[in-house]
Amino acid sequence: MDKRPNDIQQTSIIRLGFPSISTSFGEFPIDIAAEIGCEVIKEFLNLHNETDFELILIDNDTKALNAFESKWKEIKNDLDDLKFQIKNGNLLQIKDELGIECRYIVAEITWRMKLNTNHLSKQILNTVGSKFPEEVKRLYPNPGIVGESYPVSIPKDSILHTDEGIEQVIFVVSPNMNPSRSNPVSFNEAKDLLKKTYNSMMNAFLELKNGREYYPVTIKKGNLQVNKPFSTSSSQSSLKRPLPKLGGGGWANVLFPYCQQPEIFPKSEVYCYDDESVIIYDKYPKAKKHLLVIPRKHIDNIEELKKKDLELIRKLKEKGQEMIKKMKQDNPKLDFRMGFHAIQSLKQLHMHVISQDFISPNLKNKKHWNSFTTEFFKDVEEIEKILEEQGFIKFDKAYYENLLKSSVNCHLCNMKSIKNIPNLKEHLKDHWNED
DNA sequence: GTTCTAGAAC
DNA sequence: GTTCTAGAAC
């Protein structure tokens, strides 16, 4: 057979198709489920105004469709109708039936990660073939966590891929309230877990849509339930899936999980977070106090900022100022700067809030030093100014990279060309011990 | 971003 | 001989 041209390729919109979660097999009350689902979607759409995606609820339960429709109408405000659509249909035949291609679809799965326990996953199993459960098992040998998402690629030769254009199924372990099925949870627990499910579903979609991978949490450090009955059973072999490597050049992506799921990190890593930002301790602080204030929304780096992001930058600045105030209470001797590196190493825009002592074993080389003490470091005010006046940011890469190699000068006195880093450290100690 | 290490600098 | 840096690997 010859290759079909991409006949319906006029749009490059990336779509997520998902069913009403937990309302059929999970027996979760439909009205509340619709409320929770719509709230999460609204929050997501408010946070992400990219034009490259659409969300589509596709179900054949008319009660669920109606509940979502009326709830959405009630809360959507001025959000674009196309961004979230509600359709009657079968998730596996969306293109066939409705002419809509969803690159990603969502299906519920039980915490045992078995595909044969609900209608949709059974259908997927039947369509893709018996190799598919093996693949799911290979990727996720451990029990799933309720509320978490587990993306799996659809084989390229499957008709789901060739005919429907589905590239991945995001399996979600959704809460179950049906007492005749395993691990039923109370309504109150289920409410939180359903919200968590929708949130992780959106996070997974966001990562996949942006060409990254989504890494579900497999080992829980927090207080969420872990499904012990299965993991303690002797049938479970000792093979554990190593935590996924962060892909090629993965080190650059380490900040993403803090934005996606700040709640799973211990207090020692994440200081605090809200819907808009997360504040973490720099893993390798270059001074006595060194924090990162990061927007939750994905912004790769400073050059992606536009004038409209001034509002966001000002909010980050406010957060940073609060933190400085707190840290000054602990140690009034400290001075602070907050700002951005002209050229970031790590992906995801992050604002450094760093004390100016620079006394830290992690400050090891010229690059470290120059990145915080030359004009490579851009105070947040400067970024604000550039955005206000110019509307965009573009820094000359070669110039700034050279700056990192320039000679080591003291940031407090006129001592220039300090011979090496150990000498610098001695010099800094002298400043610190003054007065 | 860090770690590792060859070889430059002392 | 030891210290330190710089560049590759991760």
Side-chain angles (χ1 to χ4, degrees), chain A residues 207 210-215 241-262 264-266 268-271 277-296 298-304 316 320 337-355 357-378 380 383 395 397-411 415-430:
Chain A
E207 292 309 291
N210 290 332
R212 297 187 293 263
E213 287 188 50
Y214 177 80
Y215 302 110
R241 177 174 175 239
L243 276 174
K245 275 206 308 181
L246 283 161
W251 56 264
N253 299 335
V254 294
L255 292 180
F256 292 136
Y258 293 104
C259 306
Q260 289 168 28
Q261 298 178 297
I264 69 164
F265 291 94
S268 56
E269 288 178 52
V270 171
Y271 177 81
S277 62
V278 51
I279 303 179
I280 69 172
Y281 298 100
D282 192 293
K283 194 164 180 194
Y284 301 91
K286 303 299 184 291
K288 285 179 186 287
K289 301 283 182 189
H290 186 182
L291 305 172
L292 303 179
V293 183
I294 314 173
R296 295 279 300 270
H298 176 74
I299 300 173
D300 223 64
N301 58 60
I302 212 161
E303 298 196 347
E304 277 186 14
L316 299 181
R337 277 178 83 183
M338 56 178 164
F340 303 83
H341 282 155
I343 314 284
Q344 285 176 212
S345 295
L346 297 181
K347 292 187 183 176
Q348 180 69 7
L349 184 71
H350 52 282
M351 183 179 75
H352 293 270
V353 178
I354 185 166
S355 59
D357 49 277
F358 295 110
I359 292 182
S360 163
N362 298 308
L363 196 151
K364 292 177 175 167
N365 57 47
K366 197 186 249 189
K367 184 176 171 180
H368 291 153
W369 177 252
N370 284 336
S371 75
F372 287 103
T373 59
T374 66
E375 54 174 311
F376 191 91
F377 189 86
K378 300 292 181 191
V380 62
I383 295 303
F395 291 128
K397 207 170 171 198
Y399 172 78
Y400 284 98
E401 276 170 359
N402 256 323
L403 218 48
L404 293 178
K405 295 178 189 159
S406 56
S407 63
V408 172
N409 302 333
C410 179
H411 67 316
M415 169 102 65
K416 301 268 184 262
S417 300
I418 297 170
K419 200 170 62 192
N420 57 35
I421 298 298
N423 287 7
L424 167 71
K425 290 193 171 228
E426 284 305 314
H427 180 79
L428 289 175
K429 265 194 213 161
D430 291 344

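All values below come from the heavy atoms of this structure, side chains included, with hydrogens, waters and symmetry mates left out. Chain naming here is simple, since letters A, B, ... match the order of the sequence lines and numbering starts at 1 in each.
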**Q.** Counterpart residues, side-chain hydrogen bond (donor to acceptor under 3.5 Å, both in side chains), relative to A:Q344 (two or more places apart)
**A.** none

(Q) Less than 6.0 angstrom from the centroid, inside 45 degrees of the normal: does A:K378 satisfy that with respect to the ring of A:Y400? (A) no

Q. Between A:H350 and A:Y258, is the gap from one ring center to the other below 6.0 Å?
A. no

Q: Can you check each nucleotide of nucleotides 1-10 of chain B against protein heavy atoms at under 4.0 Å and return B for base, S for sugar-phosphate only, - for none, in 5' to 3' order?
A: BSS-------

Q) Side chains of A:F358 and A:H411: closer than 4.5 Å at any heavy-atom pair? A) yes

Q) Using the ring of each side chain (for Trp, its six-membered ring), is A:H341 parallel, tilted or perpendicular to A:F377, with breaks at 30° and 60°? A) perpendicular

